[in-house]
> 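Mind having a look at this structure? Questions to follow.
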Amino acid sequence: MSKIEWTERSWNPIIGCAIVSPGCTNCYAMRMAHRLGQNPMTPAYAGLTRVVNDKPVWTGEIRLAGHDAITAPMKRKTPTTWFVNSMSDLFADGVKDDWIDAVFAVMALTPQHTYQVLTKRPERMRDYVRGVTLERLATAFAPGALRMSRNDVYRAFGMAGKFSYDPPTPQLPLRNVWLGVSAEDQRRADERIPILLDTPAAIRWVSAEPLLGPLDLKAWLWTTVVKPATCGPTVITDKWSALRPSLDWVVLGGESGPNARPMHPDWARQPRDQCAAASVPFFFKQWGEWAAHIDRDIDDDDWRAAYGRMESGRYRWLNLEGGIGFHGDRFHVMRRVGKKAAGRLLDGVQHDGMPG
């Protein structure tokens, strides 16, 4: 079972990655890959990281984890939700197209499962999903590579006559695959979410973890419809008129690990409230290592607390814009208490929203 709160199991057919944005800086997968690379029992991870300033960092090398890893979901009959590539990015530059074909073929051949795909490279994901065909997925594995005959595979993809007991032919985009992007701040949201929404998918979702700054998602939580003739696009703002939200799911959380950065509570509150208004499922994963110690507007409106004693060490000053200035809006003192102690409650409520 996975320790990730919003999934059941992790599936890692591909391993290795590269740093592309600030959310990658303290990536847990880099630390894990470094430990695994030093273990003689997991030699596939050796060389995927190097040590820079006493911290493991991705080298950019990416590998297939092996045939057994690629086909792992096919061995499990029980319907399961899988997070795809917690140790990599399926659409990273170093991932070959035929590797992605193999992953999508396995997902198509296991309709009893649900797959959660997350990327920081939405352009490649969009281009791949737009171009892939069932015929291409049917030939992703060489004859004999699966515990299915070539004719069984062709039947599964609708390329040969079906028997009465065969499951329905998969449809593209695959109905059991959720496609998402990471967006650790507003800049990355502005860059990645529009591309995600231009990508064919059964479910489109965003992971704002680790959240490193204010995040306004309102523009992507309502359906966009096109007026007749040449009137152009109109964004629906009346929730009773919207057919469905543009984003189907939002996951949000703070950073954990030895060098974790604190998350201002208001950064989490705005997306939560926007999701509630748009009826989009919201999942609050964690505070991470830090919890609010003093909310100056509420706990110390006359500014009498001994702030000089809470400026370093286990404490961090944080204002709404992400700075450490004492006179910034919504000034908070954050205290490092550890992931377990910080917990998963946002204003006393546990948010476990999921699509469907």
Side-chain angles (χ1 to χ4, degrees), residues 1-2 4 6-14 64-86 88 90-91 95-119 124-180 196 199-205 243-245 247-249 281 283 353-356:
M1 299 299 289
S2 175
I4 301 172
W6 42 260
T7 197
E8 293 178 334
R9 288 177 177 255
S10 292
W11 175 36
N12 286 297
I14 296 165
L64 280 174
H67 182 77
D68 287 345
I70 295 173
T71 58
M74 301 183 73
K75 303 178 180 70
R76 185 173 175 83
K77 300 300 183 183
T78 303
T80 302
T81 299
W82 301 83
F83 175 33
V84 182
N85 276 342
S86 64
S88 184
L90 184 59
F91 296 97
V95 180
K96 298 179 181 179
D97 282 347
D98 56 356
W99 298 358
I100 305 176
D101 289 344
V103 171
F104 269 75
V106 169
M107 295 192 293
L109 291 168
T110 52
Q112 74 274 22
H113 299 320
T114 298
Y115 296 93
Q116 300 160 319
V117 177
L118 194 61
T119 186
R124 188 177 183 197
M125 179 171 71
R126 177 188 60 191
D127 294 345
Y128 176 84
V129 173
R130 283 180 172 180
V132 71
T133 63
L134 292 181
E135 291 76 14
R136 179 168 154 185
L137 298 184
T139 57
F141 288 92
L146 299 176
R147 296 180 181 179
M148 302 171 65
S149 70
R150 176 49 62 100
N151 189 62
D152 287 343
V153 173
Y154 282 174
R155 289 204 333 268
F157 284 103
M159 296 173 60
K162 284 183 172 291
F163 297 137
S164 60
Y165 53 78
D166 283 337
T169 300
Q171 301 296 312
L172 296 176
L174 296 175
R175 308 312 297 170
N176 62 331
V177 177
W178 303 359
L179 300 181
L196 170 67
T199 303
I203 295 289
R204 300 176 184 88
W205 63 294
L243 299 177
R244 59 177 292 278
L247 287 177
D248 300 292
W249 189 34
F283 195 107
M354 297 285 287

> Could you grab the distance from atom CG of Leu134 to atom CG of Leu174, nearest 0.5 Å is fine?
7.5 Å
> Can you tell me if Thr7 uses its side chain to pair, donor with acceptor, with the backbone of Phe83 under 3.5 Å?
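Yes, because the side chain of Thr7 sits within donor-acceptor range (under 3.5 Å) of the backbone of Phe83.
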> With sequence neighbours excluded, what pairs up with Arg136 under the salt bridge (charged side-chain N to carboxylate O under 4.0 Å, His left out) test?
Asp101
> Under the side chain to side chain contact (heavy atoms under 4.5 Å, CB included) criterion, do Asp97 and Arg124 qualify, and how do the steps go?
CA-CA 10 Å; Asp97 282 347; Arg124 188 177 183 197; 2.7 Å; yes
> Search all heavy atoms of Val129 against all heavy atoms of Thr199 and return the closest pair with its distance.
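Minimum heavy-atom separation between Val129 and Thr199: CB-CG2, 4.1 Å.
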> For the residue pair Ala160 and Asn151, what are the closest heavy atoms and their distance?
CB-OD1, 3.8 Å
> Can you tell me how far CZ of Arg204 sits from CG of Asp248, rounded to the nearest 0.5 angstrom?
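So the gap between those two atoms works out to 7.0 Å.
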> Would you please name every residue forming a side-chain contact (heavy atoms from CB on, under 4.5 Å) with Arg76, sequence neighbours left out?
Arg9, Thr78, Thr80, Trp82, His113
> Measure the spacing between CG of Asn85 and OG1 of Thr119 and express it to the nearest 0.5 Å.
9.5 Å
> Do we see a donor-acceptor contact under 3.5 Å between the side chains of Asn12 and Ser88?
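Asn12 vs Ser88: no donor-acceptor pair found between side chains.
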> What's the shortest heavy-atom distance between Gln112 and Lys77, and which atoms?
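Smallest interatomic distance, heavy atoms only, reads CG-O, 3.5 Å.
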> Would you name the heavy atoms of Pro281 and Gly353 that are closest together and state the gap between them?
CB-C, 3.8 Å
> Where is the tightest heavy-atom contact between Pro170 and Ala156, given as atom of each residue plus distance?
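Where Pro170 meets Ala156 most closely, the heavy atoms are CD-O, 3.0 Å.
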> Return the CG to CD1 distance between Leu179 and Ile203, rounded to the nearest 0.5 Å.
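Here the interatomic distance stands at 10.0 Å.
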> Locate the shortest heavy-atom distance separating Pro173 from Ala202; write the atom from each residue and the value.
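Pro173 and Ala202 have their closest heavy atoms at CG-N, 4.3 Å.
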> For a 4.5 angstrom cut-off between non-hydrogen side-chain atoms, does Leu247 reach Leu196?
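They are in contact (side-chain heavy atoms under 4.5 Å apart), so the answer is yes.
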> Distance from Leu109 atom CG to Leu137 atom CG, nearest 0.5 Å?
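Spacing of CG (Leu109) from CG (Leu137) equals 8.5 Å.
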> Measure from the side-chain N and O atoms of Trp205 to the backbone N and O of Leu118, and report whether any donor-acceptor pair falls under 3.5 Å.
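Side chain of Trp205 to backbone of Leu118: no pair is present.
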> Can you confirm whether Lys96 is buried at NZ, in the sense that more than 12 heavy atoms of other residues, nucleotides or ligands lie under 6.0 Å from that atom?
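It does not: Lys96 NZ has 12 such atoms or fewer within range.
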> Working to the nearest 0.5 angstrom, can you tell me the gap between Thr139 OG1 and Phe157 CZ?
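One gets 9.0 Å once the value is rounded to the nearest 0.5 Å.
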> Glu8 side chain to Thr81 main-chain N or O, any donor-acceptor pair under 3.5 Å?
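Yes.
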> Run the side chain to side chain contact (heavy atoms under 4.5 Å, CB included) test on Asp127 and Phe91 for me, step by step, so that the C-alpha distance in whole Å, both residues' side-chain angles and the decisive distance to 0.1 Å come before the verdict.
CA-CA 10 Å; Asp127 294 345; Phe91 296 97; over 6 Å; no
> List the steps and the verdict of side chain to side chain contact (heavy atoms under 4.5 Å, CB included) for Phe141 and Thr71.
CA-CA 10 Å; Phe141 288 92; Thr71 58; 4.3 Å; yes
> Under a 4.5 Å cut-off applied to non-hydrogen side-chain atoms, are Val103 and Tyr115 in contact?
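Result no, sub-4.5 Å side-chain heavy-atom pair not found.
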> Name all residues meeting the salt bridge (charged side-chain N to carboxylate O under 4.0 Å, His left out) criterion together with Asp152; count only those two or more places apart in sequence or in a different chain, and write none if there are none.
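For Asp152 the salt bridge (charged side-chain N to carboxylate O under 4.0 Å, His left out) partners, ignoring immediate neighbours, are Arg155.
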> Could you check whether the rings of Trp249 and Phe283 sit parallel, tilted or perpendicular, using 30° and 60° as the cut-offs?
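Answer is perpendicular, since the angle exceeds 60°.
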> So Leu90 and Phe104, do their side chains get closer than 4.5 Å, heavy atoms only?
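Heavy-atom side-chain distance check passes, below 4.5 Å.
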